[in-house]
Amino acid sequence: MNIIVANEREKTVTEIIFSGVTVADLLQQLHLNLEAFLVVRNREVITEDEALHEDDTLELLSVISGG
Amino acid sequence: MKCVHCSKPAVIGLQHGALCKIHFIDYFEDKVIKTMNKYQMIERKDNICVATSGGKDSLTVLYLTKKYCEKYDIPLTKIRALAVDEGIAQYREKTLIDLQKFCKEQAISLEVVSFEQELGKTLDEAYPLINKSAQKKPCNVCGVWRRYLLNKYAAKSGASKVITGHNLDDEAQVIIMNIFKANTKLTGRLGPISGIECSDYFIQRVKPLYFCTEKEVRLYAFLKKFQVEFTECPYSKEGFRHQVQAMLNDFEERYRGTKQGVINSFLALLPQIREQEKGNVESVRECARCGEAANKEVCNACQMKEMISHD
């Protein structure tokens, strides 16, 4: 399925061909640590077990401060 | 995941169960208030200086300090925010704008002091010169001068406590860094309330977010709609801390509770570490040049200032 991902840390918006099911699968596919990001869909934070759907638009908020 | 209290969609999974937005905010605020009470971080007689930067940790701790004072009927005029502008291009100016806006909304007075105004150079200008003379990394230079200015200006404003936004991740990282470097003396200064011995020269620092993970703080700031824009310090990846942070997050992802385990183990050992270090602590005295706290004749900040004074 196709998913749009806006990464706050990298300041990028990319369309991804996602082969998994959940948020945890997505972060694993992107080689990102679950502890380092909050995942937001439709302005709501979702947990790592949440299933993703075709054409979902997600924001990855960086947990780690930049200092 | 569903909230363990109400079955609404969860926003975070914790060791003791998942929580929805409302129950997470309650849990987080309750944890911070309990930490402040347990360690008597604020007493009625205190004048409070909150060390701020405009990032998620400092906005959260400032907001909750205000909330704490309101809860216990402590006048809000006792709280002041203090920020240090290090002079890092494309970085600090952005967070300071968020901070100024936040303090205005919360009606808390804010003072901003800068490396440039106080020491004659920005960090960007000073770091290459100090590195040339003493092979210091930018984070070393920044840390020394930040602590120096925070202590100096907190004292000037009459503060009896400095509140910082250090969270559980920050502390776990420093504990591991000190273990890796066998730095027991510095480890003894850590904890929810800093310092091995009380000193007239250092204002006591307290950390209300001590038991909150960085992820919890970011989530709280997001749910409370605090304006926190992610900006990255250009020097942050040069530090040893960055490697330790990645390692701890990697462990936490695989073994939930790792960071809390580091903190719990450390707190169990802290009384012995402090007792052991009491005899070894260099006595704090007045710097011969600036009159601020020093553990030798001239403080580290003045020594660094000397290195840049000829350019």
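Naming convention: chains lettered A, B, ... in sequence-line order (proteins, then strands); numbering from 1 in each chain.
What you find for A/Asp49 and B/Met1 is that their closest heavy atoms are OD2-N, 2.6 Å.
In this structure, the portions of B/Leu219 lying under 4.5 Å from any heavy atom of chain A include both its backbone and its side chain. With a 4.5 Å cut-off on non-hydrogen atoms, B/Val228 touches chain A through its backbone but not through its side chain. B/Asp169 does not touch chain A: none of its heavy atoms, backbone or side chain, sits under 4.5 Å away.
By a heavy-atom distance cut of under 4.5 Å, A/Leu32, A/Asn33, A/Leu34, A/Glu35, A/Ala36, A/Phe37, A/Leu38, A/Val40 are the residues of residues 28-40 of chain A near chain B, going up by number.
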Validation: residues 20-28 of chain B side-chain donor-acceptor distances under 3.5 Å, sequence neighbours left out:
from, atom 1, to, atom 2, distance (Å)
B/Tyr27, OH, B/Lys31, NZ, 2.8
B/Tyr27, OH, B/Glu216, OE2, 3.2

If you apply the rule salt bridge (Lys or Arg N to Asp or Glu O under 4.0 Å), what do you find for A/Glu44 with B/Lys8, and how did you get there?
CA-CA 13 Å; A/Glu44 298 287 347; B/Lys8 284 189 179 155; over 6 Å; no
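In this structure, the side chain to side chain contact (heavy atoms under 4.5 Å, CB included) partners of B/Ser53, at least two apart in sequence or on a different chain, are B/Ser58, B/Arg92. With sequence neighbours left out, B/Phe102 forms a ring-ring contact (aromatic ring centres under 6.0 Å, His included) with B/Phe226.
Within a 6.0 Å radius of NZ in A/Lys11, more than 12 heavy atoms belonging to other residues, nucleotides or ligands are found.
Under the 4.0 Å criterion applied to side-chain N and carboxylate O atoms, B/Lys56 and A/Glu8 are not assigned as salt-bridge partners.
Using a 4.5 Å cut-off on side-chain heavy atoms (C-beta onward), B/Asn249 and A/Ile64 make contact.
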